[in-house]
Amino acid sequence: MWQATFTKLGQTLLVLLLVSVASFSFLKLAPGDPVTIMLGSDYSKASYDQLTQELGLDQPVIVQYGHWLANFVRGDWGTSYITNQNIFELAVFQALPVTLTLAAFSLLIALVIGIPTGVMAALYRNSWVDVLATTLAIGGNAFPSFYLGIILIWVFGVGLGWFPTLGFVAPWDDFWQGMWHLALPAITLGAWYVGLIARITRSSLLEVMGQPYILAAKARGEPGWRVVWVHGMRNVLMPLITVIGLQLGGMLRGAVMTEVVFSLPGLGMMITSAVLNREYIVIQAGIMLTGVLFVVLNLMVDQTYQFLDPRLRRRK
Amino acid sequence: MPIAPSLDQPPPLDAAPLLSIQNLSAQFGTGAAVLVGVSLTVAVGQRVALVGESGSGKTITALSILQLLDEVRYTTGAVTFAGMDLLAASKPQLRRIRGREIGMIFQEPMTALNPLKTIGAQISEVIVQHEGLSSTAVHTRVIELLEQVQLSEPTERARAFPHQLSGGQRQRAMIAMALACRPKLLIADEPTTALDVTLQRQIMELLMALQQSWGMALLLITHDLNLVRRYADVVAVMQHGHIVEHGAVADIFAHPQHPYTQQLLAAAPVPELLPVIAADAPTVLAAHELTVEFRQPRPRFPGEKRRWWSSATLPFIALDQLSLQLAAGETLGVIGESGSGKSTLALALLRLIHSRGDIAIEGKAVQGLSEQAFRPFRRHIQIVFQDPFGALSPRMTLGEIIGEGLRVHEPRLLPDDRLEKIQAVMHAVGLTDMSLHRYPHEFSGGQRQRIAIARALILRPRILILDEPTSALDATVQKQILTLLRDLQRTLGLSYLFITHDLRVVQAMAHRVMVLYQGRVVEAGETARVFHAPQHAYTQQLIASI
């Protein structure tokens, strides 16, 4: 088991290295000379050379990359030209928790609604329950989330006034305020996943329920709920986690859109405003952080498999 | 449609039958009837066999007893167990019967056990469900049960997951689970079909011993008449949802009345005079010291320290220095249990997996050739696989499947000529007047195997490798396919490498046999000699199990 984990860790580091090369090259390839941007339109040759030297831009590219990577690992990500904020603090302590909270809350909503919906659809296959659940699931998938977000804001925020339409309150500061602010964005982002999870649960459970071990469990006199939830659902978790893992990237992408619609100060918002302001080093930090996040989440999904399926564990 | 004779019960051994099925008819939804007027009784402690081919309704009958088929509608009849009407029983009543009064064993122990739970946990569930003992008491019972089904190291085994056990161990665990609450009736649905012959006997003997010592009744569902002859008191023969014949085993085997029973009894392969091989017949296929090695995960020994950089795999020798020669027109039988290297041999000879050693086809060494240089030889050595369902692409028509080899080996053939060849080979395998535009799923198992044979024969090979060609087929169909293979050999002078685990088939078909055990040839020789005077201990064990 440790060997597999080490191999996986090696792969992960390799991927992160590639991400870092890509985002470093991005900065190098971006139009404009950072020195001239910093100095403004009026500068002397001496001050240009001095700043170039200070920034290390007279070094070979590979050395610059080395410095940059070392700084990145140390948490020295530079300062924003516009807000003069420390980018590391902005990204990791301010934006990242917002995005993670939003994503986690959305996933929770999706699981809590999606799994029972899928189970009901499978158990009452081809009945009205199934038709309704499948329609809702496909509807959730088909509805673009930015549009759903706007509709929710319009109906529940502006029209009925039940929920705030923008802003973020950290749930760890004020739990109910936080939930209240997160409700609409999380539903917006989660709706798509409700559909996905319901459909995967339905089809996987139907397949599992056709397996001989389910028949064998019934033949032993086990009650229906036990057959479904203990024997059935445990075997459904595998395909479900595979799909959730594959869709984590989509979740981060969806979070960007949702944050913009609801003005949440998360990673998506940070990257969007950096793009609009052409603040390359913030974009770069965003790319790196998203890369790390994605890779770490995938690593966690892989470890979950081993935990869930004894067939994947190495023999002791 | 055969006529179901009126089936008054033969007098049961005991006055009140434990299980009684009266005139039961059933259908799927509004579809065709799957059971028609089935009547059957099982007395206390009696051993009743239900035989028939796939689709005859024997499993549906078994599952109907436990009311496990949600989508089946019962139109007439009654199922009574120990005085209770099971068709009218409520769900809680049924749950009390299932697993406690009636235990059931399924055919495939790998798929009938939940892969995510340990054996011990699954057995405990039954006990907790029905008797609600304390956890230590349950654990003691589990270990006791595993001892009773003769599983070695029961405490260890209870902690094992199904994939960590062998097929025989899994079936023993399944039996332990079915017997956990000492049921009065045990339903065993093809309990040994998925097991090797030597294991089959052990498992059946175990079942019989437990059945007798506990005075349990047994309903044995099987397609294997040998099991019936050896282990049952009473037999009922099913065909198309009817019970066509019913009576004491000795009577029915001695005087079968119904034509279908007669046909079933006659379906056992009988040795026939095989074509004589001339002493100077050329060798068409030869292998010398063929060895195949795989890498497999390395088991970890207790106390062993392993560094993360040390190798996680070990070489596994699947085939160990095997040599063989096959003459023109000859059949060489290859027998052995699963995992003995039979199929590995087939794949190595076809160069579909890497092997060391020499292979000669029609006297030419082919082992060193590139795939491109070897391709012309492929037409001389063709294969028919075991599973006619998996071996035919479901997206290709009959014409495309059979004609595909011609596209590769005779690409310049005119469409009319190709069609003519396809029709000729279909005629040869007994598929006359079949539309070439139909897809595999429209054919029965036997027809599909004929298609697979036609596909192999269209290139006029000299050698045909038959990898368990009849194992997936019903007995009567198996007989037809064997007859076809014999006729083809006689008319086309084919050489067969006949791989099977079925000793009767090999006895009926092969000039010579070769016994494989753990990748090695332990015995080889003339078929009659090997069967009458087996030398090696493993061969003796195999032959004793017939």
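Just so it is clear: chains get the letters A, B, ... in the order the sequence lines come, proteins before strands, and each one is counted from 1.
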Query raised in the report: Are any of the side-chain heavy atoms of V19(A) and V295(A) separated by less than 4.5 Å?
Result: no
Report task. Mind ranking I105(B), L116(B), V126(B) by heavy-atom pairs under 4.5 Å with chain A and telling me who comes out on top? Result -> L116(B)
Query raised in the report: Given that the side chain runs from C-beta out, which part of L94(B) has a heavy atom under 4.5 Å from chain A: side chain, backbone, both or neither?
Result: neither
Query - Donor-acceptor contact present, side-chain H130(B) to main-chain R98(B), <3.5 Å - result: yes
Query raised in the report: When only pairs under 4.5 Å are counted, which of M174(B), M177(B), R100(B), K91(B) shares the most heavy-atom pairs with chain A?
Result: M177(B)
Report summary line: Interface check, chain A: of A112(B), G99(B), P183(B), most non-hydrogen pairs under 4.5 Å belong to A112(B)
Query raised in the report: Out of curiosity, L196(A) CG to L240(A) CG, how far, rounded to the nearest 0.5 Å?
Result: 8.5 Å
Query raised in the report: In terms of the angle between their ring planes, are F294(B) and F316(B) parallel, tilted or perpendicular, with boundaries placed at 30° and 60°?
Result: parallel
Report task. Just say parallel, tilted or perpendicular for the rings of F72(A) and W77(A), cut-offs at 30° and 60°. Result -> parallel
Query raised in the report: Quick one: of A219(A), A217(A), A216(A), who has the most non-hydrogen atom pairs under 4.5 Å with chain B?
Result: A219(A)
Query raised in the report: Would you say R157(B)'s side chain and I119(B)'s backbone share a donor-acceptor pair under 3.5 angstrom?
Result: no
Requested in this report: Could you look at D70(B) and say if it's the side chain, the backbone, both or neither that has a heavy atom under 4.5 Å from chain A?
Outcome: side chain
Query raised in the report: Given that the side chain runs from C-beta out, which part of Q122(B) has a heavy atom under 4.5 Å from chain A: side chain, backbone, both or neither?
Result: both
Query raised in the report: What part of L68(B) lies closer than 4.5 angstrom to a heavy atom of chain A: side chain, backbone, both or neither?
Result: both
